[in-house]
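As structure tokens, the structure follows; a few thoughts come after it.
In each ligand, atom 1 is the first atom listed, and ligand 1 is the first ligand listed. For the numbers below, each heavy atom of this structure counts, side chains included, while hydrogens, waters and symmetry mates do not. Since this is a predicted model, take the numbers as computed values, not measurements.
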Amino acid sequence: MRVLGIETSCDETGVAVYDSEKGLLAHRLYSQVDLHADYGGVVPELASRDHVRKLIPLIKEVLAAANSSTQEINGIAYTSGPGLAGALMVGAMTGRSLAYAWSVPAIGVHHMEGHLLAPLLEVNKPEFPFIALLVSGGHTQLLRVDGIGQYQLLGESVDDAAGEAFDKVAKMLNLDYPGGPNVAKLALQGNGAAFKFPRPMLDRPSLDFSFSGLKTSVLTAYKQTSDYPAKLADIAASFEAAVVDTLLRKCERALKETGLKRLVMAGGVSANVKLRADLQTMAQRKHWQVFYPSHAFCTDNGAMIAYAGCQRLMAGQQENLAVTVKARWPMVELPAL
Ligand code: KG4
Ligand code: ZN
């Protein structure tokens with residue numbers, strides 16, 4: 001089966017063609033970073049308008065790159081939530097309409113399921129069951145995954161998501177949007193042990209996370225510590241170390257509690273180089289198998305949506321003609337395959 005995937009849940013227009021037999025045929029991403037940079041964050045209305053402008057030309061470009069005619073597309077997958085409602089509607093309406101015009105089935109994909117399954121696009125893919133750490137701009141979750149649609153939530157952030165904390169700390173340090181990569185870049189020049197920031201919730205038995213207290217500690221350090229040349233880099237590195245440490249310790253706990261040895265990490269923050277490196281080191285020491293997407297498929301992209309949609313379409317699931325999008329949508333509500 002050959003599926004066209006469309007991602008428009010936030011500030012990236014992502015399109016891909018995935019073929020169940022031949023793999024990923026082509027993918028393209030158009031990022032709206034420059035559009036939102038002046039505002040220090042995503043402006044939902046501008047995001048929707050830009051998706052409207054960019055999506056159809058991008059679909060045309062990806063079909064050409066995939067060397068695929070429209071007749072060869074057997075299904076269409078679009079992100080139907082969670083995300084910005086207006087932005088989601090652009091991808092959903094376009095995807096549903098094309099499917100209607102081409103007489104093929106369409107499926108609305110859960111954005112976080114897309115992230116979760118992105119490591120399955122790689123050559124070396126995880127087998128079920130595994131523990132998944134999903135770390136994006138809107139979600140920080142630990143799940144037990146027994147198959148597609150078989151998700152048990154083990155823990156999640158009770159306040160800010162990990163990516164959101166990176167973005168807010170970036171603002172405090174006067175770094176440009178998008179914050180995460182810029183904090184990580186500055187952290188490279190700093191000392192991660194310079195500030196002893198709290199490792200939130202590690203003293204509690206649960207697998208939940210909390211990042212808002214850490215953010216406050218960063219602000220206090222920023223305001224109170226006397227200025228010295230490397231201060232901002234030290235704050236960035238110490239913050240990053242606290243987040244990475246917290247995420248890894250909770251993963252360790254989840255693996256221990258479930259007796260599993262396989263860990264999958266996905267979502268925008270999984271692009272973080274220190275997180276990947278520290279996870280790798282820990283995995284070697286503990287004899288875990290770890291999997292994460294290649295860099296391009298950590299952050300939002302069309303390939304993960306095409307892949308997840310293809311699995312559900314092949315299982316016979318599809319949408320009717322009434323298009324719905326969901327700004328909020330718990331992943332555990334998804335049906336099992
Ligand atoms: O998955 P994603 O692209 O979009 C959502 O579904 O939210 O994740 C975006 C988040 C942003 O908060 C961004 O700052 C963060 O991922 N991020 C990073 C890095 N790259 C992206 N955080 C830390 N280090 C990075 N290298
Ligand atoms: Zn995402």
Side-chain angles (χ1 to χ4, degrees), residues 5-14 16 29-33 36-37 40-42 44 47 78-84 87-88 91 109-119 132-141 156-157 160-173 175-188 190 192 209 211 214-215 218 236-237 239-248 264-279 292-305 307-308 326-329 331:
I6 299 172
E7 155 64 33
T8 64
S9 68
C10 191
D11 59 346
E12 330 257 9
T13 317
L29 189 76
Y30 173 78
S31 171
Q32 301 179 349
V33 164
H36 302 289
V42 181
Y78 52 82
T79 307
S80 56
L84 303 170
L88 288 166
V109 172
H110 192 293
H111 181 80
M112 296 311 294
E113 180 173 68
H115 277 303
L116 171 69
L117 301 181
L133 172 69
L134 295 184
V135 272
S136 71
H139 295 80
T140 302
Q141 297 184 325
E156 64 183 334
S157 180
D160 294 349
E164 192 179 356
F166 266 95
D167 296 336
K168 287 180 177 170
V169 164
K171 270 197 178 165
M172 284 177 204
L173 303 182
L175 300 174
D176 287 341
Y177 155 86
N182 286 328
V183 171
K185 206 165 137 196
L186 181 62
L188 288 176
F209 303 88
F211 291 108
L214 171 60
K215 195 182 60 192
V218 171
F239 161 76
E240 182 180 56
V243 174
V244 169
D245 212 23
T246 307
L247 293 174
L248 294 191
V264 166
M265 176 171 81
V269 182
S270 68
N272 185 276
V273 173
K274 181 174 166 58
L275 178 59
R276 292 162 86 103
D278 287 9
L279 177 62
Y292 32 77
S294 58
H295 215 81
F297 303 138
C298 286
T299 44
D300 293 348
N301 64 87
M304 65 185 197
I305 302 304
Y307 179 83
K326 304 177 193 80
R328 299 179 66 83
W329 187 7
M331 209 164 87

Quick one: ring pair (Phe, Tyr, Trp, His ring centres under 6.0 Å) partners of Y307, sequence neighbours excluded?
Y18
Go through the steps to decide whether E7 and N301 satisfy the test side chain to side chain donor-acceptor pair (under 3.5 Å), and finish with yes or no.
CA-CA 6 Å; E7 155 64 33; N301 64 87; over 6 Å; no
Within this structure, what is the CG-CG distance for the pair L247 and L275, rounded to the nearest 0.5 Å?
6.0 Å
Should the ring pair H36 and Y177 be called parallel, tilted or perpendicular, given that the plane angle runs from 0 to 90° and is split at 30 and 60?
perpendicular
of all protein heavy atoms, closest to atom 18 (C) of ligand 1 is G180 CA, 3.7 Å
If you compare G179, G137, A118, G14 by their heavy atoms, the one closest to atom 7 (O) of ligand 1 turns out to be G137
Just to check, does P181 reach to within less than 4.0 Å of ligand 1 when the distance is taken from its heavy atoms?
yes
With heavy-atom distances below 4.5 Å as the criterion, would you say the side chains of V42 and C10 are in contact?
yes
Using 0.5 Å steps for rounding, measure from the CE atom of M172 to the CZ atom of F239.
8.0 Å
Which distance, rounded to the nearest 0.5 Å, do you find between the CD of Q141 and the CG of L133?
10.0 Å
In ligand 1, the atoms that come under 4.0 Å of a heavy atom of H111 are 6 (O)
Would you say M112 touches ligand 1, if touching means a heavy atom closer than 4.0 Å?
no
Backbone of M112 reached by a side-chain donor or acceptor of H110 within 3.5 Å:
yes
For atom 15 (C) of ligand 1, which protein heavy atom lies nearest, and how many Å away is it?
V269 CG2, 4.0 Å
Counting each atom of ligand 1 from 1 as listed, which ones have a heavy atom of G163 under 4.0 Å away?
12 (O)
Rounded to the nearest 0.5 Å, the CH2 atom of W329 sits from the OG1 atom of T79 at a distance of 9.0 Å
Looking at F166, which atoms of ligand 1 are within less than 4.0 Å of one of its heavy atoms?
22 (N), 23 (C)
Looking only at protein heavy atoms, identify the closest one to atom 2 (P) of ligand 1 and say how far it is in Å.
D300 OD1, 3.3 Å
At the 4.0 Å heavy-atom cut-off, does G138 count as touching ligand 1?
yes
Does any N/O atom on D167 come nearer than 3.5 Å to any N/O atom on ligand 1?
yes
Main-chain N/O of S270 paired to R276 side chain as donor or acceptor, under 3.5 Å
yes
Restricting to under 2.8 Å, identify the protein N, O or S atoms around the Zn ion (ligand 2) as residue plus atom.
H111 NE2, H115 NE2, D300 OD1
Between CG on residue L134 and OG1 on residue T140, distance to nearest 0.5 Å
9.0 Å
How long is the gap from NZ on K215 to CG on D167, to the nearest 0.5 Å?
11.5 Å
Nearest-neighbour protein heavy atom for atom 26 (N) of ligand 1, which is reported as residue plus atom name and distance:
N272 CA, 3.6 Å
Given that the side chain starts at C-beta and the backbone is N, CA, C, O, which of these parts of E12 lies under 4.0 Å from ligand 1, counting heavy atoms, or is it both or neither?
neither
Indicate the ring-plane relationship of H115 and H111, choosing parallel, tilted or perpendicular according to the 30° and 60° boundaries.
perpendicular
Taking atom 20 (N) of ligand 1 as the reference point, the nearest protein heavy atom with its distance
G268 O, 3.5 Å
